[in-house]
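Single-structure report; data block below.
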Amino acid sequence: MCGITGWIAFDSDLTEEVPVIEAMTKTLSDRGPDAGGTWIRTHVALGHRRLAVIDLPGGAQPMEARTPSGTVALTFSGEVYNFQDLRAALEGRGHRFTTRSDTEVVLRGYLEWGEAVAERLNGMYAFGLWDERHGKLVLVRDRVGVKPLYYHRTTDGLLFGSEPKAILANPRFARVVDTGCLRELTGFTKAPGWSLWKDMHEVEPGTVVTVSRAGIRHHTYWRLETMPHTDDLPATVEKVGALFGEAVRRQTVSDVPQCVLLSGGLDSSAVTAVAAAELRDRGEKTRTFSVDFAGYEENFRPDELRETPDSPFVREVAAHVGSMHRDIVLDSRALADPALRRAVVAARDMPIGLGDIDSSMYLLFQAIRAECTVALSGEFADELFGGYAWFHHPAARDADTFPWLAFSNAYTGDRTEMLRPGLRRDLDIGAYVADEYRTAVAAVDHLDTEDELERRMRRSSHLHVTRLVRAMLDRKDRMSMAVGLEVRVPFADHRLIEYVYNTPWSMKADGGREKSLLRGAVAGLLPRSVTERVKSPYPSTQDTSYAESLHRQVNDVLAEAGHPLFEIFDATWVRDAAAQDPGVVTGRLRTGLERVLDMYHWFDLYRPELRLG
């Protein structure tokens with residue numbers, strides 16, 4: 001899996017900057033706890049931290065290949081699931097390998113096909129490659145953005161890293177956050193290329209970025225394409241099952257202990273069932289893990305997001321597939337620990353405010369990492385198959401904005417209400433979101449045969465696959481890699497995405513049921529109670545002692561009247577929210593207080609320079 005970083009400086013001697021590239025690399029140690037290395041020449045420095053998954057003794061990086069016309073060096077993060085097929089093809093073209101790693105396949109694939117190697121890769125990856133022959137850096141990110149990659153243009157080159165913290169470690173980067181940076185943090189449209197830091201950008205998914213003395217060039221090698229769907233419903237269900245099954249089977253290849261994240265919902269249970277069958281054929285036992293809260297099942301209270309607790313369904317699936325299952329049970333004291341919040345904010349590099357949802361995931365992954373190095377997840381199914389409530393809520397579905405922003409319940413509301421009034425005016429989030437929405441829907445192609453409902457649902461699907469899911473994938477990557485756990489996402493296989501995206505909405509919601517296409521594809525693999533279960537989001541603690549601790553910590557922050565976070569948040573709003581009875585605070589208010597505490601730790605960790613107005 002790993003973490004990567006690098007520095008290109010065409011007018012500087014980077015052999016004199018060894019401590020800096022080492023510091024940049026060190027920031028990614030959690031992503032790669034097994035080993036680290038640097039590769040430094042006059043105008044290029046590459047750094048790598050390794051989480052060993054494939055070819056443990058032979059996959060050291062940065063990795064180089066020497067040619068008669070110059071050296072090509074690679075720092076690679078992720079997994080290429082079809083690397084064995086590509087290796088065979090390259091060997092047929094005369095290439096000789098010295099390792100069994102997928103990294104060497106990528107390196108030699110570049111020697112054979114150049115930048116077009118990206119089009120041949122099936123997997124999740126981000127890499128930086130220095131081609132001495134042509135004096136250029138090549139940055140590549142996987143098709144849907146499972147693995148992160150950021151960059152910053154300098155006066156004579158570029159800095160890059162798996163996470164912003166690697167770039168922040170270079171003294172040539174100014175830690176500035178301005179009003180423009182805060183718009184997306186507040187608006188939550190997942191604007192392509194955005195980062196919280198001024199002049200830092202994400203490499204967009206499915207993109208190759210090339211940097212040379214001549215400048216920087218972007219090339220999109222993959223995008224969602226609109227195509228007619230010619231299969232009938234039975235054939236479509238069968239095809240989805242086959243594509244999904246192949247994706248899971250490819251992603252169970254590992255040289256280290258692996259497991260499945262099992263929530264008891266349709267998505268994770270489907271992954272569990274297919275993975276268990278594959279591992280059983282190899283003579284291996286499937287391990288499954290789930291998160292739970294102390295007393296949660298016994299004291300569960302249904303709300304508008306969750307009708308039932310997960311635990312009964314988890315037990316049923318684990319028994320059905322015969323997995324070795326373990327519940328990771330968390331208590332409110334651990335979830336409310338300020339040190340944990342600080343670790344989560346450091347992992348995400350920004351103050352998101354998801355509170356115990358992020359913290360519990362961090363603790364879950366930390367516990368799993370003590371026993372396994374690789375985990376399979378059901379992430380991406382809701383975005384792909386139409387699982388979220390707002391896909392089926394007329395007001396949200398028909399609104400001319402992002403559906404997840406139009407949807408209304410006790411946990412949603414005005415995301416700007418806790419901001420200082422002047423900042424609210426300067427941000428003008430309504431106009432920002434409207435602009436982003438127009439940009440997003442302009443990228444959607446339609447078929448002439450689509451009626452108005454199909455056109456609207458294609459737009460919605462496109463928004464979820466190219467926007468919302470990137471936020472979900474980033475969260476999963478940051479929380480897992482912060483503890484050195486690799487999480488794989490079979491539903492993010494681009495072949496499955498292409499097929500399902502072009503399947504008519506009438507098939508995805510056959511009979512008026514959400515995710516009916518996926519339910520049909522895995523119906524024979526799971527108990528009926530699971531295939532018919534209504535979607536339940538990732539759990540959140542209902543223990544009032546957590547909310548009480550939250551309020552105490554916010555009141556401690558309020559005591560620091562001169563803290564810079566009050567340049568962003570309205571102290572009166574925060575004080576009024578913190579004065580509410582913790583036992584009756586709504587989801588919306590609780591989220592606001594979580595954002596305040598995240599921002600408090602973010603300021604302390606990163607010391608940003610604010611330029612607002």
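Values below: every heavy atom of this structure, side chains too, minus hydrogens, waters and symmetry copies.
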Should the pair [X]-[Y] be classified as a salt bridge under the 4.0 Å nitrogen-to-oxygen rule?
{"X": "Asp85", "Y": "Arg120", "result": "no"}
{"X": "Glu79", "Y": "Lys147", "result": "no"}
{"X": "Arg533", "Y": "Asp310", "result": "yes"}
{"X": "Glu112", "Y": "Arg108", "result": "no"}
{"X": "Asp231", "Y": "Lys239", "result": "no"}
{"X": "Asp255", "Y": "Arg100", "result": "yes"}
{"X": "Glu450", "Y": "Arg458", "result": "yes"}
{"X": "Arg143", "Y": "Glu498", "result": "no"}
{"X": "Glu202", "Y": "Arg470", "result": "no"}
{"X": "Arg488", "Y": "Asp493", "result": "no"}
{"X": "Arg478", "Y": "Asp358", "result": "no"}

Residue [X] excluded, over 12 heavy atoms near [atom1] under 6.0 Å:
{"X": "Arg282", "atom1": "CZ", "value": "yes"}
{"X": "Glu91", "atom1": "CD", "value": "yes"}
{"X": "Glu307", "atom1": "CD", "value": "no"}
{"X": "Lys535", "atom1": "NZ", "value": "yes"}
{"X": "Phe188", "atom1": "CZ", "value": "no"}

Provide the closest heavy-atom pair for [X] versus [Y] in the form atom of the first, atom of the second, distance.
{"X": "Val53", "Y": "Ser254", "result": "CG1-OG, 3.9 Å"}
{"X": "Leu485", "Y": "Cys372", "result": "CD1-O, 3.7 Å"}
{"X": "Val530", "Y": "Glu316", "result": "CG2-OE1, 4.5 Å"}
{"X": "Pro205", "Y": "Arg141", "result": "CD-NH1, 3.6 Å"}
{"X": "Val487", "Y": "Ser480", "result": "CG2-CB, 3.4 Å"}
{"X": "Arg348", "Y": "Ala471", "result": "NH2-O, 4.2 Å"}

Query - Exam field: side chain Arg280 to backbone Thr286, donor-acceptor pair closer than 3.5 Å - result: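 Not at all, since once roles are kept as given, no pair shorter than 3.5 Å links the two residues.
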Query raised in the report: So Leu86 and Leu121, side-chain contact (heavy atoms from CB on, under 4.5 Å) or not? Walk me through it.
Result: CA-CA 8 Å; Leu86 293 175; Leu121 304 179; 3.7 Å; yes
Side chains of [X] and [Y]: is there a donor and an acceptor less than 3.5 Å apart?
{"X": "Tyr501", "Y": "Glu225", "answer": "no"}
{"X": "Glu514", "Y": "Tyr388", "answer": "no"}
{"X": "Glu278", "Y": "Thr252", "answer": "no"}
{"X": "Tyr110", "Y": "Asp131", "answer": "yes"}
{"X": "Glu486", "Y": "Thr373", "answer": "no"}

Requested in this report: Under the side-chain contact (heavy atoms from CB on, under 4.5 Å) rule, what do Lys508 and Phe385 come out as? Steps first, then yes or no, please.
Outcome: CA-CA 6 Å; Lys508 294 177 187 176; Phe385 289 94; 5.6 Å; no
Query - Geometric cation-pi criterion Arg87 and Phe97, 6.0 Å radius, 45° cone - result: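 Yes - Arg87 lies over the ring of Phe97, closer than 6.0 Å to its centre and within 45° of its axis.
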Query raised in the report: Would Phe391 and Lys515 count as a side-chain contact (heavy atoms from CB on, under 4.5 Å) if you check the C-alpha gap in whole Å, the side-chain angles of each, and the deciding distance to 0.1 Å?
Result: CA-CA 10 Å; Phe391 273 104; Lys515 290 196 289 193; over 6 Å; no
Query - Residues in side-chain contact (heavy atoms from CB on, under 4.5 Å) contact with Ala73, at least two apart in sequence or another chain - result: Trp39, Leu46, Glu64
Requested in this report: Could you pull out all residues at least two apart from Ser195 that satisfy side-chain contact (heavy atoms from CB on, under 4.5 Å)?
Outcome: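 Checked Ser195 against side-chain contact (heavy atoms from CB on, under 4.5 Å); matches are Tyr150, Trp197, Met200.
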Requested in this report: Mind checking salt bridge (charged side-chain N to carboxylate O under 4.0 Å, His left out) for Arg397 and listing every partner two or more places apart, or none if nothing turns up?
Outcome: none
Requested in this report: If the plane angle is over 60° it's perpendicular, under 30° parallel, otherwise tilted; pick one for Phe491 and Phe244.
Outcome: parallel
Query raised in the report: Relative to the ring of Tyr125, is the ring of Phe76 parallel (under 30°), tilted (30 to 60°) or perpendicular (over 60°)?
Result: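 Judged by the thresholds at 30° and 60°, the geometry between Phe76 and Tyr125 is parallel.
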So [Y] and [X], do their side chains get closer than 4.5 Å, heavy atoms only?
{"X": "Leu137", "Y": "Thr210", "value": "no"}
{"X": "Ser269", "Y": "Leu262", "value": "yes"}
{"X": "Asp349", "Y": "Leu196", "value": "no"}
{"X": "Leu447", "Y": "Thr226", "value": "yes"}

Query raised in the report: Under 6.0 Å between ring centres, would you say that holds for Trp505 and His392?
Result: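 Here the rings of His392 and Trp505 have centres that are less than 6.0 Å from each other.
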Query - Qualifying residue, where the test is salt bridge (Lys or Arg N to Asp or Glu O under 4.0 Å) with Asp400 and the options are Arg459, Arg456, Arg438 - result: Arg456
Report task. Nearest 0.5 Å please: distance from the OG1 atom of Thr449 over to the NE2 atom of His229. Result ->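 Thr449 atom OG1 to His229 atom NE2 measures 12.0 Å (nearest 0.5 Å).
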Requested in this report: Could you walk me through whether Glu204 and His218 pass side-chain contact (heavy atoms from CB on, under 4.5 Å), step by step?
Outcome: CA-CA 9 Å; Glu204 293 187 32; His218 295 75; over 6 Å; no
